[in-house]
Trainee: 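Quick one: the structure is below, and I'll ask about it shortly.
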Amino acid sequence: MPIDLRDMAAPLDAAALSRLLPHRPRLLALGEPTHGEDALLHLRNTLFRQLVEQHGYRTIALETDCLAGRLVDAYVTSGTGTLDAALEHGFSHGWGASAANRDLVRWMRAYNARAEEEGRPAAGRLRFAGFDGPLEITHAASPRPSLTALHAHLAAHLDPALLPCTAGELDTLLGEDDRWTEPAAMTDPARSCGSSAEAARLRLLADDLTALLDQQEPHLRAAALPGERETVRLHARTAIGLLRHHHAMADPSPARMSRLCAQRDLMMAENLLALTARGPVLAHAQNAHFQRPKSSMRMWQGPVEWWSAGALVSARLGEEYAFLATAVGTLRHQGVGTPPPDTVEGLLYAQLPEERHLVDARRLAAALGDPPPAPRTSPWFGYAPLDPAHLPHLDGLVLLKDVPES
């Protein structure tokens with residue numbers, strides 16, 4: 001029986017989103033099926049502007065290094081540095097070169113500059129955040145910056161006798177940063193320092209320092225400068241997360257890659273949950289990082305399974321978490337042509353006339369019935385088609401019919 005999509009889809013904008021969702025979510029996650037396509041990022045930018053202007057969103061969080069992202073936030077909030085420097089040093093994975101990311105950062109800074117001129121409260125300014133760990137495909141960062149920042153904060157405000165170590169002891173245990181960032185450790189656990197005696201001691205110290213941060217919260221909250229508490233909490237999460245990640249990199253067991261994927265998404269989830277304390281957040285990342293069903297893939301070590309950041313956040317926030325997955329019709333410059341008509345993408349592509357659409361995913365899933373259609377196959381490893389079995393777990397589905405070359 002043919003499916004009529006006219007009453008379950010609308011051109012994508014914030015008004016259509018507010019009609020689809022029963023209330024404004026505290027964390028709205030917008031996924032993408034591939035990285036590096038500016039058309040998808042421009043779609044994100046447009047939606048964020050509408051959410052800011054119409055629905056009170058003030059923070060955007062991207063799948064990029066949480067520590068480096070502070071440089072972008074400093075530029076956006078107060079004009080510290082330059083736009084070029086924020087893009088070059090504030091994004092990981094080379095994403096500062098994206099024209100769409102440049103447009104986003106420039107617009108956020110201009111919005112805040114107008115707010116300053118008009119004397120609007122600082123609480124209403126736009127904020128930028130990375131929510132990924134300081135991780136690249138080839139390596140993980142040294143825990144040094146976060147551990148030393150956490151220790152320095154505590155040492156500046158507390159009796160030194162309360163601290164479990166000195167700065168000098170931390171420095172000795174950390175050693176040379178090259179031992180932490182060794183690229184060969186990604187595929188060879190024997191090349192990782194994550195199981196060394198020094199790493200084990202550092203994991204205990206990171207836990208002790210974070211516990212001290214919690215124990216002394218009343219005093220530290222009163223003593224810290226504005227914004228300082230948020231930053232030191234970020235450093236505490238990152239120090240513990242990186243040390244766990246390095247420990248998993250040294251694991252020679254078949255569970256190694258599952259542990260690494262799970263740890264990365266746990267770091268993402270903890271950062272996202274912390275950001276929601278500011279107010280509603282729009283987050284943007286690859287679809288797989290936001291999905292509610294368990295994630296899986298096949299790697300050189302065999303099948304890998306883990307819970308995504310979205311699954312973890314959804315378990316904590318419940319209805320305060322909403323996920324919009326994005327599907328595409330064509331990516332012709334990557335060899336992805338018109339989708340077959342027996343796929344979800346093919347059905348949407350054939351029936352929806354506008355270039356950008358918001359689809360009621362749960363109604364679509366019900367109309368398709370059980371079992372769902374087979375997934376679309378991908379001729380390019382960088383593009384992950386929609387999994388039709390995930391439709392009932394989405395709060396909405398965004399379709400971009402044709403993705404032009406950036």
Side-chain angles (χ1 to χ4, degrees), residues 26-27 59 61 65-71 73-74 77 122-123 127-135 140-175 177 180 194 198-248 262-279 281 309 312-313 315-317:
R26 196 156 190 85
L27 181 62
T59 298
D65 182 340
C66 58
L67 297 184
R70 293 179 304 134
L71 296 175
D73 188 52
T77 55
R127 300 289 303 274
F128 177 95
F131 69 90
D132 201 355
L135 309 169
S142 165
R144 179 187 301 279
S146 285
L147 267 178
T148 54
L150 172 59
H151 185 278
H153 177 80
L154 295 171
H157 297 293
L158 299 178
D159 183 337
L162 292 174
L163 274 67
C165 64
T166 66
E169 288 173 306
L170 268 188
D171 187 63
T172 299
L173 289 167
L174 285 162
D177 284 345
W180 297 98
E198 293 87 352
R201 175 64 177 154
L202 286 167
R203 289 178 71 200
L204 288 173
L205 289 174
D207 184 71
D208 287 345
L209 290 166
T210 301
L212 187 59
L213 187 66
D214 293 334
Q215 293 159 7
Q216 298 293 323
E217 170 74 4
H219 171 71
L220 293 170
R221 181 185 285 269
L225 297 171
E228 195 175 4
R229 179 176 175 272
E230 182 180 85
T231 299
V232 75
R233 287 285 173 184
L234 172 61
H235 281 301
R237 293 193 303 273
T238 305
I240 289 176
L242 278 174
L243 286 164
R244 288 173 177 168
H245 194 277
H246 282 289
H247 183 68
Q263 177 54 32
R264 181 189 178 195
D265 273 78
L266 176 60
M267 293 177 73
M268 288 182 165
E270 290 176 340
N271 285 332
L272 287 170
L273 287 167
L275 289 170
T276 61
R278 297 177 181 172
V281 177
L312 299 173
V313 170
R316 291 279 297 276
L317 294 184

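All values derive from a computational prediction rather than experimental measurement. Count residues from 1 along the sequence.
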Trainee: Are side-chain heavy atoms of Val313 and Thr276 found at a separation under 4.5 Å?
Mentor: no
Trainee: Atom OG of Ser146 and atom CG of Leu243: how far apart are they, to the nearest 0.5 Å?
Mentor: 9.5 Å
Trainee: Which of these passes side-chain hydrogen bond (donor to acceptor under 3.5 Å, both in side chains) with Arg233: Thr238, Asp214, Asn271?
Mentor: Asp214
Trainee: Mind checking whether Leu67 and His235 have side chains closer than 4.5 Å, heavy atoms only?
Mentor: yes
Trainee: Quick one: closest heavy-atom pair of Gly69 and Phe128, and the distance?
Mentor: O-CD2, 3.6 Å
Trainee: Would you indicate whether the side-chain heavy atoms of Leu162 and Gln216 approach each other to under 4.5 Å?
Mentor: yes
Trainee: According to side chain to side chain donor-acceptor pair (under 3.5 Å), who are the partners of Arg264, at least two apart in sequence or on a separate chain?
Mentor: Glu63, Asp132
Trainee: Rounded to the nearest 0.5 Å, what separation is found between the CG atom of Leu209 and the SG atom of Cys165?
Mentor: 5.0 Å
Trainee: Apply salt bridge (charged side-chain N to carboxylate O under 4.0 Å, His left out) to Arg127 and list each qualifying residue two or more places apart in sequence or on a separate chain.
Mentor: Asp73, Glu230
Trainee: Do you know the tightest heavy-atom contact between Ala236 and Leu213?
Mentor: CB-CD2, 4.1 Å
Trainee: A quick test of your reading: do over 12 heavy atoms of other residues, nucleotides or ligands sit less than 6.0 Å from CZ of Arg278?
Mentor: yes
Trainee: Within the distance-only criterion (no hydrogens, no angle test), does the side chain of Trp180 pair as donor or acceptor with the backbone N or O of His246 below 3.5 angstrom?
Mentor: no
Trainee: Step by step, would you call Arg203 with Asp207 a side chain to side chain contact (heavy atoms under 4.5 Å, CB included)?
Mentor: CA-CA 6 Å; Arg203 289 178 71 200; Asp207 184 71; over 6 Å; no
Trainee: What heavy-atom pair brings Gly194 and Ala199 nearest, and what distance separates the two atoms?
Mentor: O-CB, 3.5 Å
Trainee: For His245 versus Ala140, what's the shortest heavy-atom pair and its separation?
Mentor: ND1-CB, 3.8 Å
Trainee: Kindly indicate, with the supporting measurements, whether the criterion side chain to side chain contact (heavy atoms under 4.5 Å, CB included) is fulfilled by Glu270 and Leu312.
Mentor: CA-CA 9 Å; Glu270 290 176 340; Leu312 299 173; over 6 Å; no
Trainee: Does His151 reach the main-chain N or O of Ala206 with its side chain, forming a donor-acceptor pair under 3.5 Å?
Mentor: no
Trainee: Please report the closest heavy-atom contact between Arg201 and Pro164, naming both atoms and the distance.
Mentor: NH2-O, 4.1 Å
Trainee: Could you give me the CA-CA distance, side-chain angles and deciding distance for Leu170 and Leu202, then say whether side chain to side chain contact (heavy atoms under 4.5 Å, CB included) is met?
Mentor: CA-CA 8 Å; Leu170 268 188; Leu202 286 167; 3.7 Å; yes
Trainee: Within the structure provided, determine whether Glu169 and Leu205 are in side-chain contact (heavy-atom separation under 4.5 Å).
Mentor: no
Trainee: Heavy-atom distance under 4.5 Å between the side chains of Asp171 and Arg144, does that happen here?
Mentor: yes
Trainee: Answer whether the closest heavy-atom distance between the side chains of Leu242 and Leu135 falls below 4.5 Å.
Mentor: yes
Trainee: Is a donor on one side and an acceptor on the other found under 3.5 Å between the side chain of Gln263 and the backbone of Gly241?
Mentor: yes
Trainee: For Thr210 versus Leu150, what's the shortest heavy-atom pair and its separation?
Mentor: OG1-CD2, 4.0 Å
Trainee: With a 3.5 Å distance limit and no angle check, can you tell me whether Arg221 reaches the backbone of Pro218 through a side-chain donor-acceptor pair?
Mentor: no
Trainee: If the condition is ring-ring contact (aromatic ring centres under 6.0 Å, His included), which residues does His157 pass it with, not counting sequence neighbours?
Mentor: His153
Trainee: Nearest 0.5 angstrom please: Leu174 CG to Ser142 OG, how far?
Mentor: 5.5 Å
